[in-house]
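Here is the structure we will look at.
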Amino acid sequence: MKMDGICPYCGNEMQSGFLQSGKPIMWAEDEKSLSFLPSGDSEYQVSRGLLEGCFAETYFCKNCDIFILEKREQPKKAREKLKDIFGKRDE
């Protein structure tokens with residue numbers, strides 16, 4: 001679903017803004033105490049990275065008291081970045 005600034009729950013206009021943090025924000029099925037980047041296929045980085053500023057564009061509905069954001073394109077994992085740089089090794 002593409003966000004258009006209208007709350008999908010109540011139909012009121014939503015306020016656009018940003019979730020911000022001092023480190024990357026990620027979503028995971030389970031709580032993690034010291035995780036900065038997604039490590040599995042069911043974990044997603046919600047914010048931009050440290051070098052880009054750790055924020056995520058969101059909408060907030062004052063009527064429903066909820067934040068809604070779209071899943072952003074996921075950054076490449078470190079292993080994929082290294083393969084891009086050095087090429088695939090023969091095993």
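- With rounding to the nearest 0.5 Å, the separation of CD1 in I6 from CE in M14 is 9.0 Å.
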Hey, mind stepping through F60 and I68 against side chain to side chain contact (heavy atoms under 4.5 Å, CB included) and telling me if it holds?
CA-CA 6 Å; F60 174 65; I68 297 180; over 6 Å; no
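- Between Y59 and S16, the closest heavy-atom pair is CE2-CB, 3.8 Å.
- Legend: residues meeting side-chain contact (heavy atoms from CB on, under 4.5 Å) with S21, ordered by chain and number and at least two apart, are K23, I25.
- Residues satisfying the side-chain contact (heavy atoms from CB on, under 4.5 Å) criterion with Q15, sequence neighbours excluded, are K62.
- Considering only residues two or more places apart in sequence or on other chains, E57 meets the salt bridge (charged side-chain N to carboxylate O under 4.0 Å, His left out) condition with R48.
- F18 pairs by the ring pair (Phe, Tyr, Trp, His ring centres under 6.0 Å) definition with F55, not counting sequence neighbours.
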